[in-house]
Number of protein chains: 2
Amino acid sequence: MASLPVLNQPPHLCAALLDHLSRRVRTRSETVLAPLGLRPRHLVTLTVLRDHGSSTQQALAARLGIDSTNLVGLLNDLEADNLIERRRSPEDRRRHVVDLTDVGAKKLAKAEFALAAVEDEVLAALTLEQREQLYSLLQQATATTDIAACAGAEDEPAPPVMYR
Amino acid sequence: MASLPVLNQPPHLCAALLDHLSRRVRTRSETVLAPLGLRPRHLVTLTVLRDHGSSTQQALAARLGIDSTNLVGLLNDLEADNLIERRRSPEDRRRHVVDLTDVGAKKLAKAEFALAAVEDEVLAALTLEQREQLYSLLQQATATTDIAACAGAEDEPAPPVMYR
DNA sequence: TAAATGGTTTGTCTTACGCAAATGACTTGT
DNA sequence: ACAAGTCATTTGCGTAAGACAAACCATTTA
């Protein structure tokens, strides 16, 4: 791609608008998540566990792009409400395998039900098709670093770029 | 839409993945923006001013979804580097009209040049077409609340939902 | 057995907010 | 003309979400 002419460069950068839209959604999300005892960072974690399955803490921290000590606190929140469970890995007892519980899956479903109204509002300018398209793109874009948090909680390669 | 059957409901919610991806992009963005003396919040502001033109502070705060006192600080940063300028509105001298300067536009272009590499990396799973598609969706989704920050810095209707 | 690893706790610091109060300049209403 | 309202500003306080460091325990590897 480096050899392609400039014309093939994407003319538009997503970074600013991604941040911009994300903030909007997040602010509104907070109001509906709070009654469920959840914050956006909880929501993201539950979503990742649901979509990608169980994971070691190290891999999860890498996927979420947060410091492992902060992940501990985050998981403590979730575990306190039985939304996740930590079990020692049979392959290496130093490790925890983190799983979404049934309670957690139900809570996530509740959260998403509440979030539907938020998205109806904040993403009002998009048709349902466009929203599905957006989801699909987001899913694809975030799936990449799936490599870092390989399926299951088995040996993973070194995690890629840490993200905030 | 409320009368439509459940089948017409979007099956996927974007909130979590939007937050997730946005974080990733933002973290990487910070490293390339820092040498330019910019932070993501600066980038978003400059982008909004470029895309939507001049605006009163009140309207800008509404569009960005941040508290007016925080906007003052943000604008102070930008004005200090001559990236924006504040001029008293001729219609109402209590108001400032905020404009992107030429220096600001150049700085934004530099930032976007730097961000291209970031997006090449973080959005590697998307084709160029998909990235353009993502931009288009983001642009459309965020344009809605354009109504709040009507063209120019003239009278605006009450701003919609404040966002974070 | 020593060194390395995964997770945990604790502490410190930074950043980005929301919110409140007070202020000065300006506009609107009486 | 004066009071009330409005816009932006400064200051202060508090919260949340991180990064990073150090120390520790349990476990695994060299």
Side-chain angles (χ1 to χ4, degrees), chain A residues 19-20 22-24 26-31 33-34 38-45 55-62 64-77 79-80 84-98 153-156 158-159 161-164, chain B residues 19-20 22-24 26-31 33-34 38-45 55-62 64-77 79-80 84-98 153-156 158-159 161-164:
Chain A
D19 205 312
H20 192 37
S22 171
R23 280 184 178 188
R24 288 190 179 175
R26 196 183 331 119
T27 302
R28 295 290 291 108
S29 299
E30 282 170 343
T31 62
L33 291 176
L38 296 175
R39 302 203 54 74
R41 63 202 296 260
H42 296 134
L43 175 74
V44 173
T45 306
S55 167
T56 64
Q57 285 184 220
Q58 206 170 38
L60 189 56
L64 292 172
I66 65 174
D67 176 75
S68 57
T69 58
N70 291 325
L71 178 70
V72 169
L74 181 55
L75 293 180
N76 287 346
D77 291 345
E79 197 176 33
I84 63 157
E85 67 178 352
R86 296 188 241 205
R87 289 171 293 110
R88 285 291 168 183
S89 165
E91 286 90 12
D92 185 338
R93 295 191 55 75
R94 294 172 298 186
R95 297 177 173 187
H96 279 141
V97 175
V98 184
E154 313 312 337
D155 284 359
E156 288 104 20
V161 180
M162 282 284 280
Y163 91 106
R164 181 175 184 182
Chain B
D19 204 311
H20 191 36
S22 171
R23 279 184 179 188
R24 288 189 182 176
R26 194 185 331 122
T27 303
R28 296 289 291 106
S29 298
E30 280 170 343
T31 63
L33 291 177
L38 296 176
R39 302 202 54 75
R41 61 203 297 262
H42 296 133
L43 175 75
V44 173
T45 306
S55 168
T56 63
Q57 284 183 218
Q58 208 171 35
L60 189 56
L64 292 172
I66 65 173
D67 178 74
S68 59
T69 58
N70 292 323
L71 178 68
V72 171
L74 181 54
L75 294 181
N76 287 346
D77 292 345
E79 197 176 32
I84 62 155
E85 68 177 351
R86 295 187 240 203
R87 288 171 292 110
R88 285 291 169 185
S89 165
E91 284 90 12
D92 186 339
R93 293 192 55 76
R94 294 173 300 185
R95 297 177 172 187
H96 279 142
V97 176
V98 184
E154 312 311 335
D155 284 359
E156 288 104 15
V161 180
M162 280 285 281
Y163 92 106
R164 185 172 185 189

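Chain naming here is simple, since letters A, B, ... match the order of the sequence lines and numbering starts at 1 in each.
- In terms of phosphate contacts, B/Arg39 brings a side-chain nitrogen or oxygen within less than 4.0 Å of OP1 or OP2 of C/dA16.
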Would you tabulate the pairs of protein nitrogen or oxygen atoms and nucleotide nitrogen or oxygen atoms of nucleotides 26-30 of chain D closer than 3.5 angstrom?
from, atom 1, to, atom 2, distance (Å)
D/dT28, OP1, A/Arg93, N, 3.2
D/dT28, O4', A/Arg94, NE, 3.4

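- Whole-Å rounding puts the A/Asp19 CG to C/dT15 P distance at 17 Å.
- Judged purely by atom type and a 3.5 angstrom limit, A/Arg88 uses its side chain to pair as donor or acceptor with the backbone of A/Arg93.
- Using a 4.5 Å cut-off on side-chain heavy atoms (C-beta onward), A/His42 and A/Asp77 make contact.
- Side-chain contact check for B/Asn70 and B/Arg41: no donor-acceptor pair (N or O, by modelled atom type) lies under 3.5 Å.
- B/Thr56 and B/Gln58 are not linked by any side-chain donor-acceptor pair at a separation below 3.5 angstrom, with hydrogens and angles left out of the test.
- Contact of B/Ser68 with D/dC7 (side chain to base): no donor-acceptor pair of N or O atoms is detected under 3.5 Å.
- Between C/dG7, D/dG18, D/dA8, one nucleotide has an atom nearer to the side chain of A/Arg41 than all others, and that is D/dG18.
- If you check D/dA17, C/dG18, D/dA8 against the side chain of B/His96, the one that comes closest is D/dA8.
- For D/dA17, neither phosphate oxygen OP1 nor OP2 lies less than 4.0 angstrom from any side-chain nitrogen or oxygen of B/Arg23.
- Put simply, B/Gln57 has no side-chain N or O that comes within less than 4.0 Å of OP1 or OP2 on D/dC7.
- Nearer the 5' end of DNA chain C, as judged by each residue's closest nucleotide, is the contact made by A/Asn70, out of A/Asn70 and B/Leu74.
- Within the 4.0 Å cut-off from OP1 or OP2 of D/dT9, not a single side-chain nitrogen or oxygen of B/Asn76 is found.
- In this structure a side-chain-to-backbone donor-acceptor pair under 3.5 Å is missing from A/Arg87 to A/Val98.
- Residues A/Pro40 and B/Arg86 both approach DNA chain D. Their nearest nucleotides, taken by heavy-atom distance, put B/Arg86 toward the 5′ side.
- When the C1' atom of C/dA16 is taken as reference, atom CG of B/Leu43 falls 16 Å away, rounded to whole Å.
- Taking only distance into account, the side chain of B/Thr69 meets the base of C/dC19 through a donor-acceptor pair shorter than 3.5 Å.
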